[in-house]
Each structure stands twice: as structure tokens, then as C-alpha cells.
Amino acid sequence: EVSKGAQGGDTIIRNITEAGGQRAYSAIYNAKPDGYTIGDLNTGSYCETMFTKSEIDYRKYTFIVRNGVSSRIVITNKNGFKSWDEMMKAGKEKEVKWACGNFGAGAHISAILAKEFMKVPSRLINFPGTAENANAILRGDVQMGLATEESAKALIEAGELRVLTVFADKSSYPGVPSLAQLGYPELAEAALLHRMIIGPPNLPREITNILASAFKRVLNDEKFLAQAKKIGFDPDPLYGADAERLVKKIFKYYDDNASILRKYLT
């Protein structure tokens, strides 16, 4: 819905949910490049158009800022596996059920690549989102699942969920390895949830710089940072060309592993 009563200078939020986010990406892609239409992008969404015809060329978006990064974690319930090694050993005797989010979305892509590269003896099961993943784990419908750290934080702190591994370079959980520590540093970068702010293709540099400067002021504002800390959001900005280089590096990683992704997405 468009915010009601918006006046000049207001930011109007429009939530376009259809087609798993593809309608929103299309709206940004086809918008007039005047700086008045921007949106957010999950890098994993690139994979949704790898094996289909699409009007969108993700490389042509204007990348304004990577405003934050979320580590994805593999979780089990409090009565589940005690460690990643225990899960791997158990899976060799009986395939593990792994909840991994919406089909074709970023979490699913990360799970596919981890399963294949790390040879995880598991069957990936898609659920609409994090809440459904967590509920399936808590009920015992599946033995483990994928979530972002902030989405599972409360249940982890309450002792209802246990972390098995962190999809990142480093782990802040004692005794819990990260993907890099398990020997997969390249996968660790691609498996992160990079939160991008994008504009339509061919956004003039002057406009891009104005928008980037505005985000820079916000992401350095003390009040904003205090609120971000309360909700568990840790800004980690990259601007302009730096953000674009990172995104295109991740897109290339997906392209290089297209044969693996094709087995699950087609």
C-alpha cells in the first residue's frame, strides 16, 4: 500500500509482494532513473532468473549502498544434534531433513550450495519463511533449519534452539564453527544475506551520489545506531562502486555454480 497523506519530501513505502519479489524488482528496473524510485535487493534473488527468460538484468541495476549484512545460521531444537559433526555423522545413517525457506529465495540458494559443497547428507524442505522454518524445527518435523541470526536470536537465548554452524567468516558462538572455519571461505561470503539498496539502471552519478550521501548520514546517526542496536541490526555499509563490485562478484559465484543450482531450481 502507498502511504496515505504523503506530502512533498516524504518517503512513500510501497510493499510489492507478488511473484516472490520479482514484481518489486521489475518495478524498480523499469522506473524512470530520476532518483525517486529505489528499493531493496537480496542478492540471492538473482538466481530466480538464471534459468528462465526475464526482462531484468540484475547487473544493470544501480547499486547505491550495501547497508547491512546478516549471517545465516543452521539451527536445531534443544533436543537435537549437539554439534555439526554429530549431524554429519547421523546423516550418513539416515538422511537429515533440513528446512531452508522459500523455493528459489536467498536462503534456499545458500542451503543448496552448502549441501552440495559440504556434502551434507540431507533433504532440503522448503517453507514460506523463517517463522515456518522455526516452527517446523520446534515441532520436530525437521531436524534442522536455516535462519538469520537476528530472526532466531530470541529462541536461541531462551534455549529452545541450538546453533550448529554459522554461514559467515567468523562465529560468535562458543564451539560453533563458521563456514570459513569448516574450509569454505568463498561459500561463506556468498551465503551471507547482503542487504542492498538499488535504483533503476542508468541512474545518473550525481543522483546516485546524493542518495548515497543521504544513507551515509543515516547510517552514522547516533539515534539511528542506538535504535539499530536494540533490534539487532548492525549496519555494515559499502557505497557505490564498492557495493557494485561485491554484488557482481557474488553473481559470478552463482553463475560459476549454475550446474549445481540447476539440479534444484529446474
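Remember, it's a predicted structure, so these values are computed and weren't measured experimentally.
In this structure, Ser171 contributes its side chain and Val176 its backbone to a donor-acceptor pair below 3.5 Å. Put simply, the side chain of Gln227 never gets that close to the backbone of Phe224: no donor and acceptor are under 3.5 Å apart. Of the possible donor and acceptor atoms, one in the side chain of Arg72 sits under 3.5 Å from a partner among the backbone N and O of Ala191. No side-chain donor-acceptor contact under 3.5 Å links Ser26 to the backbone of Gln22. Judged by distance alone, the side chain of Thr62 and the main-chain N or O of Pro200 form a donor-acceptor pair under 3.5 Å. In this structure a side-chain-to-backbone donor-acceptor pair under 3.5 Å is missing from Arg195 to Asp40. Between the side chain of Glu132 and the backbone N or O of Pro128 there is no donor-acceptor pair closer than 3.5 Å.
Atoms CG and OG1, on Asn135 and Thr130 in that order, are 11.0 Å from each other to the nearest 0.5 Å. A distance of 12.0 Å separates CZ in Phe63 from CG in Leu203, rounded to the nearest 0.5 Å. To the nearest 0.5 Å, the span separating CG on Leu246 from CE on Met196 amounts to 6.5 Å. Here CD1 of Ile64 is found 8.0 Å from CD1 of Ile198. Values are rounded to the nearest 0.5 Å. Distance CD1/Ile250 to CZ/Arg66: 8.0 Å, rounded to 0.5 Å. To the nearest 0.5 Å, atom CD1 of residue Ile16 and atom CD1 of residue Ile28 are 7.5 Å apart.
Closest non-hydrogen pair, Asn133 versus Gly101, comes out as ND2-N, 3.2 Å. Minimum heavy-atom separation, Ala136 to Phe127: CB-CZ, 3.6 Å. In this structure, Trp98 and Ser122 approach most closely via the heavy-atom pair CE3-OG, 3.4 Å. Between Asn202 and Pro33, the shortest heavy-atom contact is O-CB, 3.7 Å. In terms of heavy atoms, Ile73 sits closest to Ala152 at CD1-CB, 4.2 Å. Contact detail for Asp34 and Tyr36: the closest heavy-atom pair is OD1-N, 3.0 Å.
Between Phe117 and Tyr253, the ring-plane angle classifies as tilted under the 30° and 60° cut-offs. The aromatic rings of His108 and Phe103 sit tilted relative to each other, their planes meeting at an angle between 30° and 60°.
Taking hydrophobic clusters as Ile, Leu, Val, Met, Phe, Trp and Tyr residues chained together by side-chain heavy-atom distances below 4.5 Å, Leu192 does not share a cluster with Leu113. Met87 and Leu138 fall into different hydrophobic clusters, where Ile, Leu, Val, Met, Phe, Trp and Tyr side chains are chained together by heavy-atom contacts under 4.5 Å. Note on Leu193: it does not cluster hydrophobically with Leu179, by side-chain heavy-atom contacts below 4.5 Å among ILVMFWY residues. By the rule that hydrophobic residues join a cluster once side-chain heavy atoms approach within less than 4.5 Å of another member, Ile156 and Trp84 end up as members of separate clusters. The same ILVMFWY cluster, assembled from side-chain heavy atoms under 4.5 Å apart, contains both Val74 and Ile112.
Within a 6.0 Å sphere centred on CZ of Arg205, other residues, nucleotides and ligands contribute 12 heavy atoms or fewer. Within 6.0 Å of CZ on Phe51 lie more than 12 heavy atoms contributed by other residues, nucleotides or ligands. Applying the 6.0 Å contact sphere to CD of Glu55 captures more than 12 heavy atoms from other residues, nucleotides or ligands. Enclosure of atom NZ in Lys60 is not indicated, since only 12 or fewer non-hydrogen atoms of other residues, nucleotides or ligands lie within 6.0 angstrom. Annotation for Lys119: atom NZ does not count as buried by contact number, only 12 or fewer foreign heavy atoms lying within 6.0 Å.
Between Asp141 and Lys97 no salt bridge is recorded (no basic side-chain N to carboxylate O distance below 4.0 Å). Residues Asp242 and Arg245 are paired through a salt bridge, judged by an N-O separation under 4.0 Å between the basic side chain and the carboxylate. Salt bridge status for Asp256 with Lys252: present, with a side-chain N to carboxylate O gap under 4.0 Å.
You'll find the side chain of Asp169 stays beyond 4.5 Å of the side chain of Ser178, heavy atoms only. Counting only heavy atoms from C-beta outward, the side chains of Cys100 and Ile125 never approach each other to under 4.5 Å. Using a 4.5 Å cut-off on side-chain heavy atoms (C-beta onward), Glu149 and Ser70 make no contact. Looking at Phe81 and Val96, their side chains come closer than 4.5 Å, going by heavy atoms from C-beta outward. Counting heavy atoms from C-beta on, the side chains of Tyr46 and Ile109 never come closer than 4.5 Å. A heavy-atom distance below 4.5 Å is found between the side chains of Leu146 and Phe167. Using a 4.5 Å heavy-atom threshold, the side chains of Ser45 and Tyr25 count as touching. Between Met144 and Ile137, the closest side-chain pair of non-hydrogen atoms is not below 4.5 Å.
With hydrogens and angles left out, the side-chain atoms of Glu116 and Tyr264 include a donor and acceptor closer than 3.5 Å. Using modelled atom types and a 3.5 Å distance limit, the side chains of Thr49 and Tyr58 yield no donor-acceptor pair.
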Could you walk me through whether Lys82 and Arg162 satisfy the side chain to side chain contact (heavy atoms under 4.5 Å, CB included) test, starting with their C-alpha distance in whole Å, then the side-chain angles of each, then the deciding distance to 0.1 Å, before giving a yes or no?
CA-CA 8 Å; Lys82 299 297 189 296; Arg162 179 185 296 116; 4.0 Å; yes
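With respect to Lys249, the side chain to side chain donor-acceptor pair (under 3.5 Å) criterion is satisfied by exactly one of Glu186, Glu244, Glu189: Glu189.
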